[in-house]
Amino acid sequence: MTTIVGQSVPRIDAKEKVTGAAQYSGDIVMPGMLHMKLLFADRPHARVLSIDTSAAEALAGVAAVLTAKDVPVNEYGLQINDQPVLCGPGSSKAGGDIIRFVGDQVAIVVAETEQIAAKAVKLIKVEYENLPVITDAEEAIKPGAYALHPEIGVSNICVHDKIRKGDVEAAFAKSDVIVEGEYRVPVQEHAYLQPEAGVAYVDENGLLTIKAAGQWTHADQKQIAHALGLPQDQVRVQYPVIGGAFGGREDMSVQIVLALAAFKLKRPVKTIWSRKESLFGHGKRHAMVIRAKWGATKDGKLTAAETTFIADGGAYMYTSNKVLGNATITQTGPYYIPNFKSDVYGVYTNNVPGAAFRGFGAPQAQFMAEMQMNKLAEKLGLDLVEFRLRNTLKEGDTLDVQTPAVGPISTVQVIEAAARRAGWDKTSQGWKRVENGQSAAGKSPSNLVRGVGLAAGFKNIGFSFGYKDNCWARVEIYGNGSIERVVVYNAAAEVGQGNHTILAQLAAEAIGISFDKVEMITMDTLNMGSAGSASASRLTFMSGNAVKGAAERARAKWDAEERPVVVEYTYFAPETTPFDKETGECLPNFAYAYVAQAAEVEVDTETGQIRVLKIISADDVGKAINPAQVEGQIEGGVVQAIGYVMMENYISRDGYVLTDQFSTYLIPTILDIPVKVESLVVEVPDERGPWGARGLGELPYLPMAPAIMAAVHDATGVWFDEFPLTPERVLRGLGKI
Ligand code: MOS
């Protein structure tokens, strides 16, 4: 029996957020604070020949103008150090004088006011030599294409993952049906509430401190220290309240330049990017072209799949290697496919970098997988639920990496839950939709047609491919006769998902005290071990296990009369292994979670407008630690995915971003979201997670696009292999224009 785990306790950060008391990165004000503005390159590919900062420096109120020559170690990156901090002559690293996308930075100006800094930026004179611009990943991948990172290699291919499982050719030859498709998935902007912002200063003890929202304090600390040529313990990273992240804050933005300026000037320095700077200056979801050929037998069993991915990595690696690794392992969908061949490429271009974004490669890969499933079902004359259920991954079935998925597999449970709720049922001829979604169409004007679709997905929980995933926590118990107060230390980032509330619930449960006795100290590098990132849907599992482990040990010491109790504990996840370079064979992950979603849409065949009427999302979270938060995550994920598939249209041309405002890059508002989102919380525990919890953050995003496509096909008979489903694209697909 649990008492606090499983309850929808109010979020511990709710009050300060709804009252406006919460301090986000941009809200911080310090005495004697200076302001920073950046000179962005605003060109996609060029060599910086010279920079003349004299006029800017001469402007009254300017404290400093810094360029590449002022950066001690002019390189950074979360995975590899391929990005200069500032681009220009005098760089300490080769290639640091090259601009590779419009968001590259040439100089920073620090001044007494924002206005003076902005004015001074305009006084900087830069001489550029433009270089050939490559913005099409399919061009960039060709042998002989202009190499964008010659110091790394002569090819622009920055990632190549291979899957070789079984004999695809032989299996295709024995297949009764084969479906071939080409899918194009777009860039997506994270659109978090607050653009990139932060403050850096040297504190009273001489410690260089950076306060800027991120997803992993210790990873930021390491990169900042590297670029400044400082030992890691001379840099402190602390997160203020974070207005959303979604993967977009995994890679850094303002941190190093702020730290550099504060370290040189020994005064606090602040910057806030404009929305426009945020829209062109920092990574986005990867656009990909995915080609696929899948086969099945006439009794509806998958036989083989062959796929090629070309992902636009943009100018720098960011996390492309890991994102594409995830795309590689999740591209089967939650199905068993005995033979699989795949080549997944990431390619450098002069576009804005491809970055982590909720789902981390899986939404793109599973769009392909589920569209192939939809089309195979159609070709076989099978109901799409029935076809899926004939192929679901079962315990012991191998993934494309030739090892089974670890942990209890719940694909059947989530598909059946979503399907029943959306009007399907098991009949004597297998699963069928017994409530016809089209029935309403007869009563509507003839230009309004309705359809229902369903798709499924799965996602790893935690860091993959041999990284020894770990998370540190400390629990202190105070009191004498009875416990008065518990203090939990864990660096995990609260990016809006509710993690700190979950951790307080888990600590209270493990120690056996009321929730309000728990105090959380979080999001810091000082006196704290690493929690790992708020990513890969991993925190409930990882920081949950760390806090639970520390709390249980602390409770035992309390019971043994130790006063006060202080326990530090690091949770290590089960081991994983990296891809075999030739076959992809590995044990990539230690946990998974499963999801299925149904969508009902109404298509206006005269205008091309589509309304999403209803979404049903069945998510296996293992154990809902806080059911209200689970529903919140599901609703948020659904709305974000609806933006992706229906309307968000990030347009760049020749490396320049055209949709660089929210007036042109449209995200869903209240009028664009479904009339109803039904969350079906499925709980098939994974006993290695705390109280059986798996992870949820990315799950409700994964199969939304293909579920909607199946619904649109049900309504119109047309498959859309590319999105967003703007009215223009819909009308073209319907043959109306
Ligand atoms: Mo996430 S997209 O794993 O930050």
Side-chain angles (χ1 to χ4, degrees), residues 77-79 159 185 187-192 196 212-220 223 239 242-253 282-288 311 313-314 317-330 346 352-367 457-465 467 469 471 491-499 523 530-543 573 576 588-593 595 633 636-637 640-641 643-644 648 694-702 704-705:
L78 191 53
Q79 294 294 326
V159 181
V185 291
V187 170
Q188 187 183 20
E189 154 67 14
H190 302 83
Y192 24 65
E196 293 74 358
Q215 294 181 228
W216 183 356
T217 46
H218 290 69
D220 294 357
Q223 292 172 81
Y239 291 162
I242 301 168
F246 313 114
R249 298 194 202 270
E250 275 196 47
D251 289 274
M252 293 203 302
S253 53
H282 201 189
K284 314 295 167 207
R285 186 186 293 284
H286 289 81
M288 299 183 192
M317 180 66 95
Y318 272 47
T319 51
S320 283
N321 54 350
K322 301 290 175 188
V323 167
L324 296 175
N326 252 321
T328 303
I329 54 177
T330 57
V352 177
F357 195 152
R358 200 175 200 162
F360 208 72
Q364 295 98 321
Q366 292 182 21
F367 176 68
F458 80 125
K459 176 75 181 50
N460 62 299
I461 305 300
F463 292 151
S464 318
F465 307 123
Y467 181 88
D469 204 356
C471 187
E494 169 65 71
V495 292
Q497 83 281 46
N499 177 256
M523 305 204 287
S530 170
S533 183
S535 61
S537 302
R538 67 185 276 289
L539 278 184
T540 297
F541 193 106
M542 291 299 302
S543 61
T576 62
N589 293 297
F590 56 83
Y592 291 89
V595 58
Q633 278 283 55
Q640 197 166 37
Y644 180 49
E648 294 185 35
R694 295 172 186 253
L696 171 65
E698 298 165 298
L699 222 48
Y701 191 102
L702 302 176
M704 197 72 274

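In listed order, ligands and their atoms are each counted from 1. Everything quoted here is computed from the prediction, not taken from an experiment. Values below: every heavy atom of this structure, side chains too, minus hydrogens, waters and symmetry copies.
For a threshold of 3.5 Å applied to N or O pairs, the pair formed by Ala536 and ligand 1 contains at least one separation below that value. Checked by distance only, ligand 1 and Glu250 come closer than 3.5 Å through their nitrogen or oxygen atoms. Here's the thing with Gln215: one of its N/O atoms is less than 3.5 angstrom from an N/O atom of ligand 1.
Ring centroid separation for the pair Phe541 and Phe590 comes in under the 6.0 Å cut-off.
Taking every non-hydrogen atom of Ala356 and a distance limit under 4.0 Å, the qualifying atoms of ligand 1 come out as 2 (S). Listed by atom number, the atoms of ligand 1 under 4.0 Å from Ser535 heavy atoms are 1 (Mo), 3 (O), 4 (O). For ligand 1, the atoms closer than 4.0 angstrom to any heavy atom of Phe357 are 2 (S). Atoms of ligand 1 found under 4.0 Å from any heavy atom of Arg358 (numbered from 1 in listed order, with element): 2 (S).
Only the side chain of Glu698 comes within contact range of ligand 1, with a heavy atom under 4.0 Å; no backbone atom does.
Defined by atom type and a distance below 3.5 Å, a donor-acceptor pair is present between the side-chain atoms of Ser464 and Asn460. A donor-acceptor contact closer than 3.5 angstrom is absent between the side chains of Trp216 and Ser535. Side-chain N/O atoms of His286 and Gln364 include no donor and acceptor closer than 3.5 Å.
Using a 4.0 Å cut-off between charged nitrogen and carboxylate oxygen, Glu698 and Arg358 do not count as a salt-bridge pair.
Panel note: side chain Glu494, backbone Asn499; a donor-acceptor pair is recorded below 3.5 Å.
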